[in-house]
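One structure below.
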Amino acid sequence: MVKMIMHGCNGKMGQVISAICREDEGIEIVAGVDPYQGTQNPYPVFPTIGECTVNADVVVDFAAAQAVDSLLAYCVAHKLPLVLCTTGLTEEQLKKVEEAGKEVAVLKSANMSLGINVLLDALQKVANVLAPAGFDMEIVEKHHNQKVDAPSGTALALADAINGALGNEYQYCYDRTKERKKREKKEIGIQAVRGGSIVGEHEVIFAGLDEVIEIRHTAYSKGIFGKGAVEAAKFLAGKPAGKYGMEDVIGAGKL
Ligand SMILES: NC(=O)c1ccc[n+]([C@@H]2O[C@H](COP(=O)([O-])OP(=O)(O)OC[C@H]3O[C@@H](n4cnc5c(N)ncnc54)[C@H](O)[C@@H]3O)[C@@H](O)[C@H]2O)c1
């Protein structure tokens, strides 16, 4: 049985994961961390990770970007593998994630769903054929009105997958209103829409001369991220230091 700390346990994702773990005999939440203390949980909840005194095999994080620095320091100090799912990290924090990965196992993914991770792989193949043929590439993402970061971490991961497959020569364009000019050829446009309770929609558009391909992933519930995170936690517990991704979990037949 894997023992897990849920960082951000009283948030939307923290509660989704608490419900999944209650039904899963392979994993148990032994402690939660959240400054918000107004939710009843069947495990002790500490206001900050630094105050957590419970031993565990792995930490799953869905909290806030400003909490990531102390979380990384805690995981390194306690030699705890970390499934890092919070998005909107700064460049400086991303460097700290890299450093932590030299000391403990860190799996960071902007999107824990099977569908998006399959799409990340497929996009590289599609872009390799269509970009040299002159297709323009644009990404449109839609999320609920409570989301604080834009564009979504997933939209950036999709763009990075395409860009990586094409030799990282493309610039990202987030705003076409500043300058009156045509789009650059080596550009990936990324647009964010916010409204209502949309769980998450990502559309990648390949627009060529007289033909367009649109590839869309729609998340209908947060359960898809929760399931991925729980399987990632089981996968990561006991793993040696290093950088891991959802492709490792999928490759191990865990999703
Ligand atoms: N990687 C993915 O697949 C994926 C999927 C969904 C959401 N997310 C990301 O996960 C994060 C959380 O999403 P959510 O919808 O659950 O948000 P939420 O706002 O509902 O929950 C965040 C929780 O973190 C808590 N928190 C704030 N500061 C904290 C700290 N210092 N230590 C511990 N907990 C703290 C808050 O009190 C809150 O309960 C966001 O960054 C979101 O973008 C990632």
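FYI, the numbering just counts along the sequence from 1. Ligands are counted one by one from 1 in listed order, and the atoms in each one are counted from 1 as well.
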Within the 4.0 Å heavy-atom shell around [X], which atoms of ligand 1 are there?
| X | answer |
| --- | --- |
| M112 | 1 (N), 2 (C), 3 (O) |
| N10 | 39 (O) |
| G8 | 24 (O), 33 (C), 34 (N) |
| T86 | 10 (O), 41 (O) |
| T87 | 41 (O), 42 (C), 43 (O) |

Which is closest to [atom] by heavy-atom distance: [options]?
| atom | options | value |
| --- | --- | --- |
| atom 30 (C) of ligand 1 | G32, C9, A67 | A67 |
| atom 27 (C) of ligand 1 | P35, G226, G14 | P35 |
| atom 40 (C) of ligand 1 | C52, A63, G11 | A63 |
| atom 14 (P) of ligand 1 | M6, M13, K108, H144 | M13 |

Checklist entry - Which is it for L71 and L84 under the side-chain contact (heavy atoms from CB on, under 4.5 Å) test, yes or no, and what are the steps along the way? => result CA-CA 9 Å; L71 176 62; L84 182 58; 4.3 Å; yes

Checklist entry - Between K239 and F235, is NZ or CZ placed under 6.0 angstrom from the six-membered ring centre and within 45° of the ring axis? => result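 Judged by the rule, K239 and F235 form a cation-pi pair.
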
Would you mind checking if [Y] and [X] are paired as a salt bridge, meaning a charged N to carboxylate O distance below 4.0 Å?
| X | Y | result |
| --- | --- | --- |
| E91 | K96 | no |
| K182 | E187 | no |
| K181 | E184 | yes |
| E99 | K102 | yes |
| K108 | E98 | no |

Checklist entry - Counting only heavy atoms not in K3, do more than 12 sit closer than 6.0 Å to its NZ atom? => result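 12 or below, so no.
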
Checklist entry - Taking atom types as modelled, is there a side-chain donor on Y43 or N41 under 3.5 Å from an acceptor on the other? => result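 Present: a donor and an acceptor within the cut-off.
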
Next on the checklist: We want to know whether Q37 and N10 form a side-chain donor-acceptor pair, criterion being a heavy-atom distance below 3.5 angstrom.
Outcome noted: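 No.
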
Around [atom], find the nearest protein heavy atom and jot down its residue, atom name and distance.
| atom | result |
| --- | --- |
| atom 17 (O) of ligand 1 | K12 NZ, 4.2 Å |
| atom 9 (C) of ligand 1 | C85 O, 3.7 Å |
| atom 10 (O) of ligand 1 | F62 CD2, 3.4 Å |
| atom 25 (C) of ligand 1 | D34 OD2, 3.3 Å |

Under 4.0 Å from ligand 1, counting heavy atoms only, is it the side chain of [X], its backbone, both or neither?
| X | value |
| --- | --- |
| A110 | backbone |
| H7 | side chain |
| F225 | side chain |
| S109 | backbone |

Next on the checklist: Show the nearest heavy-atom pair for residues T87 and A65, with the distance to one decimal.
Outcome noted: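 Taking T87 first and A65 second, the nearest heavy atoms are O-CB, 4.0 Å.
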
May I ask whether [X] places a heavy atom under 4.0 Å from ligand 1?
| X | value |
| --- | --- |
| K222 | yes |
| T48 | no |
| G88 | no |
| K147 | yes |

Item to check | Contact check, side chains of C21 and I17, non-hydrogen atoms, under 4.5 Å | outcome: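 Answer yes - side chains close enough.
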
Checklist entry - ligand 1 and A64, any nitrogen or oxygen pair closer than 3.5 angstrom? => result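 Min N/O separation from ligand 1 is not below 3.5 Å for A64.
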
Next on the checklist: Hydrophobic cluster membership, with links at side-chain heavy-atom distances under 4.5 Å among I/L/V/M/F/W/Y: are M112 and I27 in one?
Outcome noted: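 Result: yes, single cluster for both.
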
